[in-house]
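Here the structure comes first, spelled out in structure tokens, and everything after it is commentary.
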Amino acid sequence: QVQLVESGAGLVQAGGFLRLSCAASGRTASNYVMGWFRQAPGKEREFVAGIGRYGWITRYADSVKGRFTISRDNAKNTLYLQMNSLKPEDSALYYCAAGRSTVVRDLPADYDYWGQGTQVTVSS
């Protein structure tokens with residue numbers, strides 16, 4: 001089992017940037033595919049980005065391609081999400097997730113462990 005704790009919440013203006021972090025404890029992070037999801041009020045949780053166990057494979061939602069970068073440091077058991085050129089529609093609660101799959105998937109059901117979320121708000 002792995003425990004996940006996100007950090008990096010913030011309020012930024014449109015066009016600004018933030019970096020989210022997710023610290024994993026328990027099992028070694030490299031045992032898991034990891035991902036970022038987000039959920040805005042009244043909307044379903046949606047995939048943002050995912051990364052394979054060793055960081056060689058990444059996958060992004062079309063809405064964030066070219067603006068967000070997912071990365072991981074397995075030595076530190078930490079996952080990151082660099083978010084640039086932020087838009088008001090990026091405002092949401094962002095969740096870190098870990099999954100036992102060997103493939104980077106984009107459905108919440110494919111992930112087994114979740115953090116509590118960290119709030120990102122982008123003002124126009």
Side-chain angles (χ1 to χ4, degrees):
Q1 190 167 353
V2 62
Q3 293 77 43
L4 304 172
V5 179
E6 303 96 338
S7 60
L11 168 64
V12 297
Q13 290 187 329
F17 63 92
L18 279 175
R19 188 172 87 152
L20 305 183
S21 299
C22 173
S25 60
R27 295 288 302 275
T28 303
S30 60
N31 289 335
Y32 302 92
V33 167
M34 298 192 75
W36 289 98
F37 288 76
R38 65 188 182 188
Q39 188 167 18
K43 295 188 176 181
E44 293 187 353
R45 192 169 298 190
E46 65 173 1
F47 174 78
V48 175
I51 189 166
R53 295 183 178 188
Y54 300 102
W56 301 333
I57 296 173
T58 58
R59 184 175 177 181
Y60 295 92
D62 288 344
S63 59
V64 307
K65 279 181 183 176
R67 299 188 298 122
F68 290 12
T69 303
I70 188 171
S71 62
R72 65 191 298 166
D73 185 337
N74 285 343
K76 296 181 179 179
N77 271 0
T78 303
L79 176 72
Y80 302 99
L81 185 68
Q82 178 68 41
M83 304 185 294
N84 298 329
S85 302
L86 282 162
K87 303 176 181 180
E89 51 264 42
D90 294 319
S91 298
L93 192 61
Y94 281 69
Y95 295 92
C96 169
R100 292 188 289 261
S101 170
T102 57
V103 178
V104 180
R105 301 186 185 276
D106 61 0
L107 294 177
D110 293 317
Y111 291 79
D112 304 287
Y113 305 103
W114 293 84
Q116 293 301 306
T118 189
Q119 181 68 42
V120 172
T121 304
V122 184
S123 63
S124 57

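On a predicted model such as this, the values are computed, not experimentally measured, just so you know.
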Would a single hydrophobic cluster contain both [Y] and [X], if residues Ile, Leu, Val, Met, Phe, Trp and Tyr are joined by side-chain heavy-atom contacts under 4.5 Å?
| X | Y | value |
| --- | --- | --- |
| F47 | Y113 | no |
| Y111 | L79 | no |
| V33 | I57 | yes |
| L18 | I70 | yes |

In chain order, what residues pass the ring-ring contact (aromatic ring centres under 6.0 Å, His included) check against [X], with sequence neighbours excluded?
| X | result |
| --- | --- |
| F68 | none |
| Y60 | none |
| Y94 | none |

Would the distance check show the side chain of [X] and the main-chain N or O of [Y] forming a donor-acceptor pair, the cut-off being under 3.5 Å?
| X | Y | result |
| --- | --- | --- |
| W36 | Y80 | yes |
| S101 | G99 | no |
| R72 | G52 | yes |
| N74 | R53 | yes |

Can you tell me which residue pairs pass the disulfide bond (SG atoms under 2.5 Å apart) test with a partner in residues 53-93, sequence neighbours excluded?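 Of all non-adjacent pairs touching residues 53-93, none passes disulfide bond (SG atoms under 2.5 Å apart).
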
According to the disulfide bond (SG atoms under 2.5 Å apart) rule, which pairs have a member within residues 55-124, sequence neighbours left out?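 Disulfide bond (SG atoms under 2.5 Å apart) check on residues 55-124 returns C22-C96.
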
Can you pull the salt bridge (Lys or Arg N to Asp or Glu O under 4.0 Å) pairs that have at least one residue in residues 112-124, sequence neighbours excluded?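 Residue pairs with at least one partner in residues 112-124: R100-D112.
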
Could you grab the distance from atom [atom1] of [X] to atom [atom2] of [Y], nearest 0.5 Å is fine?
| X | Y | atom1 | atom2 | result |
| --- | --- | --- | --- | --- |
| T78 | M34 | OG1 | CE | 8.5 Å |
| S25 | L4 | OG | CG | 7.5 Å |
| N84 | T69 | CG | OG1 | 6.5 Å |
| E6 | L93 | CD | CG | 7.5 Å |

K65: which residues meet the side chain to side chain donor-acceptor pair (under 3.5 Å) condition with it, sequence neighbours left out?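 Side chain to side chain donor-acceptor pair (under 3.5 Å) list for K65, sorted by chain: D62.
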
For D90, what residues pass the side chain to side chain donor-acceptor pair (under 3.5 Å) criterion, not counting sequence neighbours? R38, R67

Does V5 sit in a hydrophobic cluster with other residues, and if so which ones, taking ILVMFWY side chains as linked at heavy-atom separations under 4.5 Å, directly or through other members?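 V5 shares its hydrophobic cluster with no other residue.
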
Considering residues at least two apart in sequence or located in another chain, which fulfil the salt bridge (Lys or Arg N to Asp or Glu O under 4.0 Å) criterion with R105?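 Result, salt bridge (Lys or Arg N to Asp or Glu O under 4.0 Å) vs R105: none returned.
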
Using the test salt bridge (Lys or Arg N to Asp or Glu O under 4.0 Å), find all partners of R59 that sit at least two apart in sequence or belong to another chain. D106

Please tell me whether Y95 and F37 form a close aromatic pair, meaning their ring centres lie under 6.0 Å apart.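 No.
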
Please report the shortest heavy-atom distance between A98 and V2, naming the atom on each side. CB-CG1, 4.1 Å

Please list, one pair per line, the donor and acceptor atoms closer than 3.5 Å that link side chains of residues 114-124 to other protein atoms, with sequence neighbours excluded.
residue, atom, partner, partner atom, Å
T118, OG1, A9, N, 3.2
Q119, NE2, A92, O, 3.3
S123, OG, V12, O, 3.4

Determine, step by step, whether S85 and F17 satisfy the side-chain contact (heavy atoms from CB on, under 4.5 Å) criterion, reporting the C-alpha distance in whole Å, the side-chain angles of both residues, the deciding distance to 0.1 Å, and the verdict. CA-CA 6 Å; S85 302; F17 63 92; over 6 Å; no

